[in-house]
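This report concerns only the one structure given below.
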Amino acid sequence: MAIRPRRSVLYMPGSNARALEKAASLPADALILDLEDAVAPEAKDAARKLVCDAVRDRRFGKREVVIRVNGIETPWGRQDMDEACAAGPDAILVPKVDDTAQVRAAEASMARAPAGCALWLMIETPRAIFNALHIAGAGGRLACLVMGTNDLVKEMRARHTPGREALLAALNMTVMAARAHALAVIDGVYNDIADSAGFAAACSQGRSMGFDGKTLIHPSQVEPCNAAFSPDAAEMEQARAILAAFALPENQGKGAISLNGRMGELLHAEIARQTVALSDAIEALTTH
């Protein structure tokens with residue numbers, strides 16, 4: 001299966017026409033055009049039209065374009081879903097999904113969406129965490145889980161801390177659930193736009209935990225996030241060395257080899273292939 005980079009996934013408020021215009025020039029891998037949290041109740045209808053018109057215009061180039069709808073049970077949810085499906089984004093993001101019944105309801109509501117329109121789900125409640133494996137296994141259009149860490153902290157009555165201690169179990173469980181069913185998984189936002197060091201640490205933590213990328217709340221976070229979730233020069237050098245070593249005639253058919261004094265196994269070769277594939281996919285995305 002081809003790798004699609006989702007290093008930087010930027011929320012854009014659906015009610016802000018200037019922000020939607022600016023989004024077309026930002027180096028984010030993916031955009032979430034938001035009709036939910038970022039839009040006041042009195043602006044919901046106008047935001048829906050702005051977002052769906054922008055998606056139909058295909059103005060965002062190679063970026064993956066996602067519409068976050070309001071929950072189906074809200075006054076705006078069903079119309080959001082109907083019009084988002086008609087606009088044909090790359091994916092529709094449904095918030096506050098707690099169980100597989102809600103996943104099935106979301107899937108059913110996308111019946112008229114184009115075949116290539118995927119379902120993304122927010123994981124942002126304690127119930128969702130405990131049901132994460134079942135949610136991830138729902139199949140159908142489901143392609144990605146997105147952490148809603150602000151809502152999760154609120155629901156837990158926890159505190160935001162630099163190390164995210166209250167969230168570590170939830171983050172790990174969601175990554176494992178996603179990987180068990182071959183889904184993409186995106187880390188939650190970092191709230192302090194001015195704290196570049198804290199943001200870098202959160203990106204490093206998220207990548208180390210296995211996330212594909214991070215959701216963002218400001219354009220200034222895009223480029224450092226892209227760098228954090230991209231293979232660096234040392235990783236690429238190591239990946240190519242591993243693949244070259246396994247490709248040598250004397251190593252054909254071997255399950256383990258010695259490389260620079262260290263043991264290399266077939267799993268390391270698979271990791272190396274994934275690293276090179278991600279790098280190639282990033283280059284293809286950023287080449288115009």
Side-chain angles (χ1 to χ4, degrees), residues 6-16 19 26 28-41 66 68-71 74 93-99 120-133 135-136 144-179 183-230:
R6 295 184 175 99
R7 301 165 298 168
S8 52
V9 182
L10 179 64
Y11 286 108
M12 301 300 290
S15 56
N16 188 329
L26 297 173
D29 289 346
L31 303 168
I32 296 176
L33 311 183
D34 192 18
L35 301 178
E36 195 212 12
D37 286 347
V39 180
V66 183
R68 180 163 74 168
V69 298
N70 288 278
T74 68
L93 175 58
V94 177
K96 297 179 178 63
V97 171
D98 285 333
D99 54 41
W120 289 22
L121 302 175
M122 297 293 302
I123 303 297
E124 51 189 340
T125 68
R127 282 188 65 204
I129 297 302
F130 283 105
N131 289 328
L133 184 62
I135 290 170
C144 184
L145 303 181
V146 180
M147 295 302 308
T149 45
N150 282 337
D151 279 273
L152 188 54
V153 167
K154 175 179 73 71
E155 294 290 329
M156 294 170 63
R157 303 179 192 173
R159 296 172 59 193
H160 288 286
T161 60
R164 299 198 289 181
E165 288 84 359
L167 293 172
L168 293 178
L171 296 170
N172 280 312
M173 287 172 68
T174 304
V175 169
M176 287 189 284
R179 298 309 183 210
L183 302 182
V185 60
I186 310 299
D187 197 2
V189 300
Y190 189 80
N191 296 311
D192 189 347
I193 298 167
D195 182 8
S196 58
F199 178 69
C203 287
S204 178
Q205 181 194 49
R207 187 180 178 199
S208 295
M209 296 178 92
F211 285 101
D212 295 295
K214 192 166 183 66
T215 44
L216 310 175
I217 58 173
H218 194 270
S220 65
Q221 297 175 324
V222 171
E223 291 192 5
C225 189
N226 282 344
F229 282 92
S230 298

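Small disclaimer: the values here were computed from a predicted structure and weren't measured.
For the pair A178 and A184, the tightest heavy-atom approach, listed with the atom from each and the gap, is CB-O, 4.2 Å. Among all heavy-atom pairs drawn from V39 and G14, the shortest one is CG2-N, 4.0 Å. Considering all non-hydrogen atoms of both residues, A170 and L152 come closest at CB-CD2, 3.7 Å. The two residues I135 and A128 come nearest to each other via the heavy atoms CD1-O, 3.9 Å. Contact between R164 and A202 at its shortest, heavy atoms only, is NH2-O, 4.1 Å. Taking both residues in full, the closest heavy atoms of D212 and I186 are given as CB-CD1, 4.1 Å, listed atom of the first, atom of the second, then distance.
Under the 3.5 Å distance criterion, the side-chain polar atoms of T215 are matched with a main-chain donor or acceptor of D187. No donor-acceptor pair under 3.5 Å is formed between the side chain of N70 and the backbone N or O of T74. No side-chain donor-acceptor contact under 3.5 Å links E124 to the backbone of N150. Under the 3.5 Å distance criterion, the side-chain polar atoms of Q221 are matched with a main-chain donor or acceptor of Y190. Between the R179 side chain and the L183 main chain, a donor and an acceptor come within less than 3.5 Å of each other. In this structure, the side chain of S208 engages the main chain of S204 through a donor-acceptor pair within 3.5 Å. With D29 contributing its side chain and R7 its backbone, the two residues share a donor-acceptor pair below 3.5 Å.
Between M122 and E36 there is no side-chain heavy-atom pair separated by less than 4.5 Å. Using a 4.5 Å heavy-atom cutoff, the side chains of C144 and V185 are not in contact. Between Q205 and L168, the closest side-chain pair of non-hydrogen atoms falls below 4.5 Å. The shortest side-chain heavy-atom distance between M209 and N172 falls under the 4.5 Å cut-off. V9 has its side chain out of reach of V66: every pair of non-hydrogen atoms, C-beta onward, lies at least 4.5 Å apart.
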Could you walk me through whether K96 and E155 pass the salt bridge (charged side-chain N to carboxylate O under 4.0 Å, His left out) test, one step at a time?
-> CA-CA 11 Å; K96 297 179 178 63; E155 294 290 329; over 6 Å; no
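Rounded to the nearest 0.5 angstrom, D98 CG and F130 CZ are separated by 12.5 Å. Note that the CG atom of L33 and the CG atom of L93 stand 10.5 Å from one another [nearest 0.5 Å]. Interatomic distance, NE2 of H160 versus OG1 of T149, reported as 6.5 Å (0.5 Å rounding). The CZ atom of F229 sits 5.0 Å away from the SG atom of C203 when rounded to the nearest 0.5 Å. Between atom CD1 of residue I217 and atom CG of residue D37 there is a gap of 12.0 Å, rounded to the nearest 0.5 Å. I129 CD1 to I123 CD1: the interatomic distance, rounded to the nearest 0.5 Å, is 6.5 Å.
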